[in-house]
Amino acid sequence: TASRCFFSSRSSGKLIAPLGCLVSRQKHTLPDLPYDYGALEPHINAEIMQLHHSKHHATYVNNLNVTEEKYKEALAKGDVTAQVSLQPALKFNGGGHINHTIFWTNLSPNGGGEPKGELMEAIKRDFGSFANFKEKLTAVSVGVQGSGWGWLGYNKEQGRLQIAACANQDPLQGTTGLIPLLGIDVWEHAYYLQYKNVRPDYLKAIWNVINWENVSSRYASCKK
């Protein structure tokens with residue numbers, strides 16, 4: 001209802017329609033890592049994690065907030081041209097924030113090994129075996145041209161797991177409709193300081209820190 005877009009001012013008692021009712025939002029913030037920067041060593045070193053989280057992800061968050069502010073102004077003015085021109089920045093920085101927020105939880109110092117339970121059954125059903133799945137997701141991630149991500153997603157309509165690659169910071173669900181379960185960042189900033197240009201070595205190492213509990217819990221949630 002329209003009344004939801006108003007709040008009462010304590011000083012005047014008047015009803016005020018804030019600009020925010022056009023885009024109801026709070027500023028996005030950089031999420032804390034659930035582990036220390038050095039916790040994923042030797043597979044991903046502390047320097048990479050610190051730069052990746054405190055610089056790269058922080059930049060996406062800051063730029064997303066700036067873009068949303070401009071978008072809010074364009075909405076208020078009814079300036080469709082400005083709204084359209086802001087879409088690429090919204091997609092890039094919004095995607096960067098969404099993707100990295102998932103990525104940090106997909107990793108754990110206690111990770112590695114293989115998933116259990118329903119997720120493992122689904123992997124066997126949709127890929128034949130865990131080894132096949134691992135090989136396929138690795139190959140798709142290695143094959144990303146330039147910067148991007150390799151993903152394990154859930155296709156809700158078909159009720160099955162799917163592997164996909166996304167360019168740049170394109171968010172999986174917003175661009176393919178698949179619900180993200182496990183993302184592998186193959187931007188060079190995710191591995192270059194440690195693995196130089198040898199992306200396959202980084203991809204081999206990252207399986208040792210995959211947080212299967214997190215991936216399983218994402219799978220359980222999206223099946224509800």
Side-chain angles (χ1 to χ4, degrees), residues 33 35 39-45 47-49 51-53 56-57 60 91-109 111-115 119-120 122-155 158 160-219 222:
L33 284 189
Y35 39 77
L40 304 181
E41 290 189 342
H43 311 292
I44 305 175
N45 70 33
E47 189 183 9
I48 285 176
M49 291 301 293
L51 285 167
H52 199 171
H53 176 260
H56 290 283
H57 189 174
Y60 297 127
K91 184 180 183 183
F92 183 75
N93 294 295
H97 180 41
I98 289 167
N99 294 341
H100 285 89
T101 300
I102 295 167
F103 184 58
W104 308 132
T105 65
N106 277 169
L107 305 176
S108 166
E114 299 183 0
L119 177 62
M120 187 60 151
I123 285 172
K124 286 177 180 171
R125 179 196 69 211
D126 295 330
F127 302 105
S129 68
F130 179 76
N132 280 353
F133 153 71
K134 186 174 169 181
E135 190 180 331
K136 191 172 180 187
L137 182 52
T138 299
V140 162
S141 303
V142 168
V144 170
Q145 293 185 332
S147 301
W149 292 72
W151 287 98
L152 171 67
Y154 180 65
N155 185 322
Q158 296 176 17
R160 67 187 184 92
L161 300 173
Q162 264 181 254
I163 284 171
C166 288
N168 301 311
Q169 291 297 352
D170 290 5
L172 184 71
Q173 193 165 2
T175 54
T176 69
L178 298 174
I179 300 166
L181 304 178
L182 169 63
I184 300 180
D185 189 346
V186 290
W187 278 65
E188 283 193 340
H189 65 230
Y191 62 87
Y192 199 88
L193 285 171
Q194 186 171 0
Y195 295 98
K196 302 301 183 261
N197 61 326
V198 191
R199 189 188 283 178
D201 284 357
Y202 157 70
L203 285 161
K204 191 176 174 186
I206 204 169
W207 291 100
N208 294 303
V209 288
I210 298 296
N211 183 354
W212 290 114
E213 280 184 23
N214 179 263
V215 182
S216 293
S217 130
R218 289 178 183 280
Y219 178 61
C222 70

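Computed over heavy atoms, backbone and side chain alike; hydrogens, waters and symmetry mates excluded.
Every residue two or more places apart in sequence or in another chain was checked for a side chain to side chain donor-acceptor pair (under 3.5 Å) with T176, and none qualifies. For D126, there are no salt bridge (charged side-chain N to carboxylate O under 4.0 Å, His left out) partners two or more places apart in sequence or in a different chain. Legend: residues meeting ring-ring contact (aromatic ring centres under 6.0 Å, His included) with F127, ordered by chain and number and at least two apart, are F133. Scored by the side-chain contact (heavy atoms from CB on, under 4.5 Å) test, K196 finds Y192 as partners (sequence neighbours excluded). Scored by the side chain to side chain donor-acceptor pair (under 3.5 Å) test, W187 finds no partners at all (sequence neighbours excluded).
Results of the ring-ring contact (aromatic ring centres under 6.0 Å, His included) test with H57 over H189, H52, H100 single out H100 as the only residue that passes.
Between T138 atom OG1 and I163 atom CD1 the span is 8.5 Å, to the nearest 0.5 Å. Here the CG atom belonging to L161 is positioned 6.5 Å from the CD1 atom belonging to I123, to the nearest 0.5 angstrom. The distance from the CG atom of N214 to the CH2 atom of W104 is 13.5 Å, given to the nearest 0.5 Å. The structure places CD of E41 at 9.5 Å from CD1 of I48, a figure rounded to the nearest 0.5 Å.
Of all heavy-atom pairs spanning N45 and Q194, the tightest one is N-OE1, 2.8 Å. Taking all atoms of both residues into account, the shortest heavy-atom contact from L178 to A164 is CD1-CB, 4.0 Å. Closest approach of Y195 and A205 over heavy atoms only: OH-CB, 3.1 Å. Nearest heavy atoms, G113 versus W212: O-NE1, 3.2 Å. For the pair N99 and D170, the tightest heavy-atom approach, listed with the atom from each and the gap, is ND2-O, 3.7 Å. Heavy-atom minimum distance, L40 versus S108: CD2-C, 3.5 Å.
In this structure, P115 and V215 have side chains that are not in contact, with every pair of non-hydrogen atoms separated by 4.5 Å or more. The shortest distance between side-chain heavy atoms of E114 and K134 does not fall below 4.5 Å. Residues P180 and R218 are not in side-chain contact: their nearest non-hydrogen atoms beyond the backbone lie 4.5 Å or more apart. Using a 4.5 Å heavy-atom cutoff, the side chains of L137 and W207 are in contact. You'll find the side chain of K91 reaches within 4.5 Å of the side chain of T175, heavy atoms only. With contacts defined as side-chain heavy-atom distances shorter than 4.5 Å, the pair L107/F103 qualifies.
Between the N106 side chain and the L181 main chain, a donor and an acceptor come within less than 3.5 Å of each other. A donor-acceptor distance shorter than 3.5 angstrom exists from the side chain of N211 to the backbone of T105, with no hydrogens or angles considered. Although no hydrogens or angles enter the test, the distance criterion places no donor-acceptor pair under 3.5 Å between the side chain of Q162 and the main chain of N155. A donor-acceptor pair is defined here as one N or O able to donate and one able to accept, closer than 3.5 Å; such a pair exists between the side chain of R199 and the backbone of S141. Between the side chain of Y191 and the main chain of P200, no donor-acceptor pair closer than 3.5 Å is present.
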Would you give me the side-chain donor-acceptor pairs under 3.5 Å for residues 145-152, sequence neighbours excluded?
| from | atom 1 | to | atom 2 | distance (Å) |
| --- | --- | --- | --- | --- |
| W149 | NE1 | Q169 | OE1 | 2.9 |

